[in-house]
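Within every chain, numbering begins at 1; the chains are lettered A, B, ... in the order of the sequence lines, protein sequences first and strands thereafter.
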Protein chains: 2
Amino acid sequence: MARKQGSHSDITGPKVREAALRLIARHGYAAVSMRQLAAEVGVQAGALYNYTPDKQALLFDMMRDHLVDVIESFDRADPKTDAQSRLRAFVSFHIRYHLPRADAVFVAYMELRNLSPENFAAIEKLRRAYEDRLEAILRQGEAEGAFAMKDARITTRAIIGMLTGFFTWYRQEGRLPLEEVEAIYWDLVCKAVAR
Amino acid sequence: MARKQGSHSDITGPKVREAALRLIARHGYAAVSMRQLAAEVGVQAGALYNYTPDKQALLFDMMRDHLVDVIESFDRADPKTDAQSRLRAFVSFHIRYHLPRADAVFVAYMELRNLSPENFAAIEKLRRAYEDRLEAILRQGEAEGAFAMKDARITTRAIIGMLTGFFTWYRQEGRLPLEEVEAIYWDLVCKAVAR
DNA sequence: GTCTATAATTCGATAGAC
DNA sequence: GTCTATCGAATTATAGAC
């Protein structure tokens with residue numbers, strides 16, 4: 001006999017996040033209503049407001065938590081040795097970390113327009129912090145004489161764009177195993193910044 | 001004395017497209033109401049339905065027209081000679097064509113989720129047709145011995161991703177003139193596919 | 001072709017019972 | 001913590017006057 005009411009804070013809380021991420025990734029923040037989200041979670045619309053003060057905070061919290069986790073995870077994965085090793089670790093980390101989190105990546109990338117100005121500024125700061133990790137590696141490589149490029153900042157954006165585009169199509173083409181895709185991207189990045 | 005009513009089909013038609021592109025690029029399709037759009041154009045909401053059967057068709061028509069124009073324009077710009085020259089022309093065309101059309105690029109890229117299934121299929125076909133142009137150039141370069149890469153299809157997506165990421169940040173950083181940005185991207189692409 | 005007015009829904013968010 | 005019920009406002013799209 002299923003209860004119609006009761007306390008499920010520990011269960012419902014994560015379910016709200018997961019459902020919101022899935023629905024917003026698929027349909028977009030503005031297109032997903034609180035009623036749709038509630039139905040996906042299996043509660044009534046009013047109950048959602050036990051877990052978020054409003055719809056905007058729900059979006060912001062998901063994006064912030066994702067980006068904070070990306071940065072902390074990379075800092076742990078970074079070998080902090082020579083630039084070549086660090087760049088390889090970055091490419092591998094970026095692909096492998098983001099792949100199983102496609103919904104979060106998609107939301108963090110596509111929903112910037114729907115953040116309030118203050119929330120947008122906070123998210124942009126985090127995004128920039130992640131990009132700065134890559135830029136620092138490229139500049140170290142230039143200093144070591146391992147890399148050569150015309151402009152480290154633009155090369156940073158180019159590499160991130162190249163790697164992030166990956167997640168917009170990988171789900172469709174199951175043609176190649178992850179190891180090969182990773183090798184292909186490493187080959188491109190490695191040659192692009194080579195002396 | 002401004003008229004409050006009257007026929008302005010030739011004026012209002014283009015204004016609807018321009019305003020829709022601008023508003024949707026900034027706020028997203030789902031977040032822009034027909035009333036907002038009408039206010040931007042300078043008419044009442046009901047008048048918009050003289051120019052589109054519904055909101056969905058307005059989005060689809062803009063995306064389709066943009067992509068058809070991209071493909072036709074590239075086919076005219078393509079030197080159709082050696083792969084190296086063609087690749088350089090592609091990079092230059094892609095940057096220069098898309099730069100002054102940032103709103104259309106943004107909409108065509110970000111609003112795929114808001115297309116009906118049939119409209120999505122049609123737009124994906126066009127997108128694929130453009131990507132196939134680049135893939136053909138890369139395969140020609142392999143055949144000529146000018147390029148070497150592990151996988152032409154994935155390299156195609158990687159290059160497009162890299163070039164398209166360009167438009168998400170160029171407006172912010174006016175630091176460098178277009179010629180230099182183009183040279184930086186050409187350097188990266190050229191080295192990435194070099195033998 | 002544009003207007004005003006409105007039908008029919010749907011939205012985010014809240015109040016109060018349990 | 002979840003429910004039901006609801007407020008007030010916004011939505012797409014249409015009807016009919018001019």
Electrostatic pair A/Arg153:A/Glu131 at N-O distance under 4.0 angstrom: yes
What residues in residues 28-39 of chain A put a non-hydrogen atom under 4.0 Å from any atom of DNA chain C? A/Val32, A/Ser33, A/Met34, A/Arg35
Take the C1' atoms of the five end pairs on each side of the helix from C/dG1-D/dC18 to C/dC18-D/dG1, get both axes, and report the angle to 10 degrees. 0°
How about B/Arg88: does its CZ atom have over 12 heavy atoms from other parts shown lying under 6.0 Å from it? no
Expected list for residues 63-71 of chain A: side-chain donor-acceptor pairs under 3.5 angstrom, two or more places apart:
residue, atom, partner, partner atom, Å
A/Arg64, NH1, A/Asp61, OD1, 3.4
A/Arg64, NH2, A/Asp61, OD1, 3.4
A/Asp65, OD2, A/Arg17, NH1, 3.3
A/Asp65, OD2, A/Arg17, NH2, 3.2
A/Asp69, OD2, A/Tyr97, OH, 2.6

For D/dG1, does OP1 or OP2 lie under 4.0 Å from any side-chain N or O of A/Tyr49? no
Going by an N to O cut-off under 4.0 Å, is there a salt bridge joining B/Lys15 and B/Glu40? no
Rounded interatomic separation in angstrom, taking CG from A/Asn50 and C1' from C/dC18: 14 Å
Let me confirm one number: the OG1-NE2 distance from B/Thr164 to B/His98, rounded to the nearest 0.5 Å. 6.5 Å
Listed partners of A/Glu118 passing side chain to side chain contact (heavy atoms under 4.5 Å, CB included), at least two apart: A/Ser116
Would A/Asp75 and A/Arg133 pass as an ion pair if we require N to O under 4.0 Å? yes
Do A/Arg86 and A/Asp78 meet the salt-bridge criterion of a basic N to acidic O distance under 4.0 Å? yes
Among residues 56-65 of chain A, which ones have heavy-atom contacts with DNA chain C below 4.0 Å? none
Mind jotting down which residue pairs meet the ring-ring contact (aromatic ring centres under 6.0 Å, His included) criterion with at least one end in residues 129-148 of chain A? Sequence neighbours excluded, please. A/Phe90-A/Tyr130, A/His94-A/Tyr130
Between C/dG12 (C1') and A/Asn114 (CG): distance, integer Å: 15 Å
Residues A/Arg175, B/Asp151; criterion salt bridge (Lys or Arg N to Asp or Glu O under 4.0 Å); working and verdict: CA-CA 12 Å; A/Arg175 186 163 62 86; B/Asp151 187 285; 3.2 Å; yes
Rounding to a whole Å, what distance do you find between B/Leu48:CG and C/dC3:C1'? 13 Å
If you assign each of B/Gly42 and A/Gly46 to its closest nucleotide in DNA chain C, which residue comes earlier from the 5' end? B/Gly42
Rounded to the nearest Å, what distance is computed from the CG atom of residue A/Asp54 to the C1' atom of nucleotide C/dT14? 13 Å
Quick check on C/dT2: is either OP1 or OP2 less than 4.0 Å from any side-chain nitrogen or oxygen of B/Thr12? yes
What integer distance in Å separates A/Tyr51:OH from C/dG12:P? 19 Å
Length of the NE2-P vector between A/His27 and C/dC11, whole Å: 12 Å
Indicate yes or no: does A/Glu124 engage A/Arg127 in a salt bridge with an N to O separation below 4.0 Å. yes
Output the single nucleotide from D/dT2, D/dT4, C/dT4 whose closest atom is nearest the side chain of B/Gln44. C/dT4
